[in-house]
Amino acid sequence: MSVMSLPLPRRRLLQGAAGLGGLGMLGLGGCVTTAGMSGPSASALAPVRARADRVFDITVCTRPFRAQGPRLDAETIGDALIVHNYGHGGSGWSLSWGSSTIAVKKAMANSPREVAVVGCGALGLTSAILAQRAGARVTIYARDLYPQVRSARATGSWTPDSRIALKEAAGPGFAALWEEMARTSFKTYRDYLGLPGNPVVWNDRYTVSDIDPSDPNRPRAPDPLGFGEYHESIADLTPRNERMPAGSTPFQAPFVLRSSSMMFNLRDYGHILMLDFLAAGGQFVRTEFHEPAELSRLKEKVVINCPGYAARALWKDESVVPVRGQIGWLIPQPEVDYGVYYNGVSVLSRTDGIVIQAVDGGDMKGYKDDSETPNRAETDAAVAKVAELFDTRFKPRGA
Ligand SMILES: Cc1cc2nc3c(=O)[nH]c(=O)nc-3n(C[C@H](O)[C@H](O)[C@H](O)COP(=O)(O)OP(=O)(O)OC[C@H]3O[C@@H](n4cnc5c(N)ncnc54)[C@H](O)[C@@H]3O)c2cc1C
């Protein structure tokens, strides 16, 4: 069963959550308050139809994790300035606007008229759009264009410090840089709320648990590497968890918590980024680079380098470590407008499908695993747990 903490400090609360595999990814940060009014929406939640035969896709990708945090330095190759923007672990979407703002500032230092961007994922697209806004003519060079990129296989949740760095390796200075990236991103996402297609939305997230969250002996996943947690500094951005009174939600469990978090409907959102880039005169060139020297032969003499996990091969950068993640996709249910965490499984309802993710094992799950082959048994087991929740522990209104 899942575990949450009651009024413990926010950091400890999330440690416990991550220990059981990722309340952070559900956006369930923060201390817990008791809900005064549950509101009609909480008692009228629609059930998820969790059955193995409703799984229509399984996607896998590798998070580009770096112990020291994302690479954002610049170097020159020949007469080209290369600004790096890769290695964002499980936070690439969440930090994209903030990280790309830093990269674009470096790239535009001498006001180049043309800028090249390598990569068309979360970081490439946001870098390209920001460079356009800064006045440059921009071409994206990439082997794959969105949505054929790893970024399109992400969960799509506001998770700005998910596997973003190891605390020791990143050092004390990283916290301020991270906060700058997170706050810039959060503010920029405001511009994508309320648009047709719902590219970015806020929705409720529930945690359903049998274990007393204040039990100091509650189980936690091991964290032998010491993943960095930085969310304390942006606690003011998102609501706190509330403990839901018994009977105020359809979930039948001793502990039901609710929070609200930002979610990215990555199909619509990625599509909008592609269109925005094109509408501002952007160009795509499909190409594959095999060594860094090729970048210096581009016509643009300023290059923002966003190859994601592929930096490991392209730049021979072994600081980029794979962290495998798999999503099973249930057929979309528009009437399900919330997420839930139960027994090591995360469920998130997006416009293009219901994300089912086994997140037991915490941040170490998938660490150094570069296999992108789908594991059907993993998804079936996760769907079975979700089915157990909705078949046996969910009482719809009026039932
Ligand atoms: C299962 C899973 C769930 C996740 N959930 C979330 C989440 O909820 N929230 C969040 O913030 N983050 C999440 N992430 C992390 C996020 O997806 C990544 O941090 C992000 O996608 C990295 O984006 P990127 O642009 O660096 O790389 P990519 O998306 O991999 O893009 C790289 C681009 O570079 C191009 N390229 C690479 N090599 C070459 C080459 N040699 N020549 C030419 N082009 C090249 C590729 O074709 C592609 O266009 C998740 C990751 C996984 C695996």
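As the structure lists them, so they are numbered: ligands from 1, and atoms in each ligand from 1.
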Margin query: Less than 4.0 angstrom from a charged side-chain N to a carboxylate O is my criterion; do Arg324 and Glu378 meet it?
Written below: yes
Do the side chains of Arg312 and Asp317 get close enough for a salt bridge, i.e. N-O under 4.0 angstrom? no
Within the 4.0 Å heavy-atom cut-off, what Cys306 brings close to ligand 1 is backbone
For atom CD of Glu114, decide whether the heavy atoms of other residues, nucleotides or ligands shown that lie under 6.0 angstrom number more than 12.
yes
Salt bridge Asp73-Arg71, side-chain N to carboxylate O under 4.0 Å | yes
- Any Thr287 heavy atom less than 4.0 Å from ligand 1: yes
Kindly assign one of parallel, tilted or perpendicular to the pair Trp329 and Phe56, based on the angle between their ring planes and the thresholds 30° and 60°. tilted
Quick one: does Tyr141 get an N or O within less than 3.5 Å of an N or O on ligand 1? no
**Sub-3.5 Å N/O-N/O distance, Arg63 and ligand 1** = no
Do any nitrogen or oxygen atoms of Ser151 come within less than 3.5 Å of a nitrogen or oxygen of ligand 1? yes
With Tyr189 as partner, the option from Phe264, Trp93, Trp202 fulfilling ring-ring contact (aromatic ring centres under 6.0 Å, His included) is Phe264
Atoms of ligand 1 under 4.0 Å from any heavy atom of Cys120, numbered from 1 in the order shown, are 33 (C), 48 (C), 49 (O)
Note: ligand 1 atoms sitting under 4.0 Å from heavy atoms of Ala310 are 37 (C), 38 (N)
Original post:
Polar-atom distance check: Tyr309 versus ligand 1, any N or O pair below 3.5 Å?
Top reply: no
| query | Do any nitrogen or oxygen atoms of Val149 come within less than 3.5 Å of a nitrogen or oxygen of ligand 1? | reply | no
Look at Asp236 together with Arg183 and state whether they make a salt bridge at an N to O cut-off of under 4.0 Å.
yes
Within 4.0 Å of some non-hydrogen atom of Phe289, the atoms of ligand 1 are 40 (C), 41 (N), 42 (N), 43 (C)
One finds that the ligand 1 atoms under 4.0 Å from a non-hydrogen atom of Gly325 are 1 (C)
query = How about Arg137: does its CZ atom have over 12 heavy atoms from other parts shown lying under 6.0 Å from it?
reply = no
Ligand 1 to Gly156, heavy atom cutoff 4.0 Å, flagged ligand atoms 7 (C), 8 (O)
Mind running side chain to side chain donor-acceptor pair (under 3.5 Å) on Tyr141 and Gln283 for me, showing each step along the way? CA-CA 9 Å; Tyr141 296 84; Gln283 294 203 318; over 6 Å; no
- Task: Please work out which of the three classes, parallel, tilted or perpendicular, describes the rings of Tyr206 and Tyr338, given edges at 30° and 60°.
- Result: perpendicular
Ligand 1 to Ser157, heavy atom cutoff 4.0 Å, flagged ligand atoms 7 (C), 8 (O), 9 (N), 10 (C), 11 (O)
Nearest heavy atom to atom 12 (N) of ligand 1, choosing from Ala154, Gly90, Cys61, belongs to Gly90
> Can an N or O of Thr62 be found at a distance shorter than 3.5 Å from an N or O of ligand 1?
Replying inline: no
Next on the checklist: Other residues, nucleotides and ligands only: do more than 12 of their heavy atoms fall within 6.0 Å of CD on Glu291?
Outcome noted: yes
For Thr159, the atoms of ligand 1 under 4.0 Å from one of its heavy atoms are 7 (C), 8 (O), 9 (N), 10 (C), 11 (O)
Q) Do any nitrogen or oxygen atoms of Ser94 come within less than 3.5 Å of a nitrogen or oxygen of ligand 1? A) yes
Problem set entry | Asn110, CG: over 12 other non-hydrogen atoms inside 6.0 angstrom | no
Original post:
Judging by distance only, is a nitrogen or oxygen of Leu145 under 3.5 angstrom from one on ligand 1?
Top reply: no
Would you check, one step at a time, whether the test side chain to side chain donor-acceptor pair (under 3.5 Å) holds for Ser319 with Arg66? CA-CA 6 Å; Ser319 71; Arg66 292 181 83 234; 2.9 Å; yes
Quick check: does Pro64 get an N/O under 3.5 Å from an N/O on ligand 1? no
Within 4.0 Å of some non-hydrogen atom of Gln357, the atoms of ligand 1 are 1 (C)
Exercise. Answer yes or no: does an N/O atom from Gly89 fall short of 3.5 Å to an N/O atom of ligand 1?
Key: yes
